[in-house]
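Structure first, commentary second.
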Amino acid sequence: QKVENRLQTVETQFEELNSAMEKLTQKLQFQNKILEKQVDEDEMWISLFTSVEINLFYSYVSEMLCCLHSHVRVKLPDLAGGLPTLASVMRCKGKNQRIRLVWEAVLKMLGLQEGNVLALCTFFIIHCSEAQYYPANQRQKYTSDISTMITKVVKNQILRESLLCAVQVVENGRAQRDPNQKKIVTLVQK
C-alpha cells in the first residue's frame, strides 16, 4: 500500500513536472521567435551601407534633428533654456502639454511623423560613433540626387521614408534661406 501511494505521488509529481516543462518549452519557443524578430529588425538598421552613404545620411539626419529642435525652441522661447537638446524636448513632451502641442505642430509643419523622428534618432544613435558630418557643398560632390540614392540603397521602408523626409526638411530649409536652392528642392521632392 505504501509503495503504491509513493508510486502514485511520484507519478503525480512527474505529470506536474512534465506539464511545467511543456509550458516552459512553449515560453522559450515564444521568446526565441521574439529574439529572431529582434535580430531581423536589428539587421535592417545595420544595413550594409558604405562609409560615404552613412556619412551622407548622417549629415542629413543631423541637420534635420537640429532643425526640429530649433523650431520647437523658437516656438517656446520662455522654455528654451530648459530644452537644451532634442532629447530633453522628447522627454518633456510627455509631461508638458504645451511642449507636446508645439512638438506636434512642428512635426506637421515639417511634414514629419513621430515614427520618422524615432527612426532617424535610432539611425543617429547607431552611426554617430563612426559617421562623419558632411556639409552641404561636400555632400553634392558625392551625389547629385540623394533621394535616388536613398531609394536604391535603403531596403528598410521605415528608414527609407524617414531619410527621404529628412532630406526634404533640410533642402526646404536651405531653399528658404537661399532662393537659388529651389531647384534642388524640386529634385528632392520628385
Side-chain angles (χ1 to χ4, degrees), residues 37-75 83-91 93-94 100 102-190:
K37 184 179 178 190
Q38 286 176 340
V39 166
D40 290 343
E41 288 173 0
D42 288 347
E43 286 176 1
M44 77 181 176
W45 290 109
I46 307 172
S47 298
L48 300 174
F49 299 131
T50 66
S51 61
V52 169
E53 291 164 346
I54 288 172
N55 293 341
L56 288 167
F57 302 160
Y58 174 82
S59 300
Y60 278 102
V61 169
S62 298
E63 283 190 31
M64 194 285 304
L65 295 175
C66 286
C67 175
L68 177 59
H69 179 237
S70 296
H71 280 301
V72 171
R73 286 178 51 122
V74 164
K75 291 186 181 290
L83 302 170
T85 63
L86 181 63
S88 63
V89 171
M90 294 176 79
R91 206 174 27 255
K93 72 180 172 64
R100 183 175 56 255
V102 167
W103 170 261
E104 290 169 359
V106 169
L107 287 180
K108 186 174 182 177
M109 177 187 78
L110 295 175
L112 297 169
Q113 295 178 358
E114 187 87 24
N116 299 131
V117 177
L118 294 176
L120 296 172
C121 285
T122 302
F123 179 87
F124 182 86
I125 290 167
I126 289 172
H127 294 289
C128 68
S129 63
E130 71 205 45
Q132 252 185 323
Y133 174 80
Y134 289 168
N137 59 348
Q138 189 176 358
R139 280 180 253 167
Q140 290 178 348
K141 291 177 186 175
Y142 289 106
T143 182
S144 59
D145 187 0
I146 186 70
S147 296
T148 300
M149 176 191 273
I150 290 168
T151 303
K152 287 181 181 178
V153 172
V154 181
K155 303 302 179 207
N156 177 268
Q157 181 180 355
I158 296 167
L159 182 58
R160 182 175 54 245
E161 289 172 4
S162 299
L163 286 169
L164 290 170
C165 286
V167 168
Q168 188 168 359
V169 166
V170 170
E171 296 300 344
N172 282 343
R174 190 170 298 120
Q176 289 172 359
R177 289 188 304 274
D178 180 3
N180 296 328
Q181 292 288 320
K182 287 204 187 272
K183 53 187 162 186
I184 293 174
V185 173
T186 307
L187 286 174
V188 169
Q189 290 175 342
K190 287 183 180 177

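Atom set for the values below is all heavy atoms of this structure, side chains included, hydrogens, waters and symmetry mates excluded.
- The closest side-chain heavy-atom distance from Tyr60 to Val169 is not below 4.5 Å.
- Put simply, CE on Met149 and OG on Ser144 are 9.0 Å apart, with the number rounded to the nearest 0.5 Å.
- Taking CG of Leu107 as the reference point, atom CG of Leu68 lies at 6.0 Å (rounded to 0.5 Å).
- Checked against side chain to side chain contact (heavy atoms under 4.5 Å, CB included), Cys128 has the following partners two or more places apart in sequence or in another chain: Tyr58, Phe124.
- Looking at every heavy atom in both residues, Cys121 comes nearest to Met90 through SG-SD, 4.1 Å.
- The CD atom of Glu104 sits 13.0 Å away from the CG atom of Leu112 when rounded to the nearest 0.5 Å.
- Of all non-hydrogen atoms in Cys165 and Gly111, the two that sit nearest each other are SG-O, 4.1 Å.
- Side-chain contact between Gln132 and Ser51: absent, with no pair of heavy atoms (C-beta onward) separated by less than 4.5 Å.
- For His69 (side chain) and Leu83 (main-chain N/O), a donor-acceptor pair under 3.5 Å exists by modelled atom type.
- One distance of note links OH of Tyr142 with CD of Glu53; it measures 12.0 Å at 0.5 Å rounding.
- The side chain to side chain donor-acceptor pair (under 3.5 Å) check on Lys93 picks up Glu114, with sequence neighbours excluded.
- From Glu161, atom CD reaches atom CD of Gln157 across 4.5 Å, with rounding to the nearest 0.5 Å.
- Val102 has its side chain within reach of Val106: a pair of non-hydrogen atoms, C-beta onward, lies under 4.5 Å apart.
- For Thr148, the side chain to side chain donor-acceptor pair (under 3.5 Å) criterion is met by Asp145, not counting sequence neighbours.
- Taking Tyr134 as the reference, Asn55 meet the side chain to side chain donor-acceptor pair (under 3.5 Å) condition, with sequence neighbours excluded.
- In terms of the side chain to side chain donor-acceptor pair (under 3.5 Å) criterion, residue partners of Thr85 (sequence neighbours excluded) are, by chain and number, Ser88.
- At distances below 3.5 Å, not a single donor-acceptor pair connects side-chain atoms of Arg160 with backbone N or O atoms of Thr151.
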query: When you look at Phe57 and Val154, which way does the side chain to side chain contact (heavy atoms under 4.5 Å, CB included) test go after all the steps?
result: CA-CA 10 Å; Phe57 302 160; Val154 181; 3.8 Å; yes
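- Taken to the nearest 0.5 Å, the OG atom of Ser162 stands 9.0 Å off from the CG atom of Leu118.
- Applying the salt bridge (charged side-chain N to carboxylate O under 4.0 Å, His left out) test to every pair with at least one member in residues 123-140, sequence neighbours left out, gives these pairs: Glu63-Arg139.
- A donor-acceptor pair is defined here as one N or O able to donate and one able to accept, closer than 3.5 Å; such a pair exists between the side chain of Asn116 and the backbone of Gln113.
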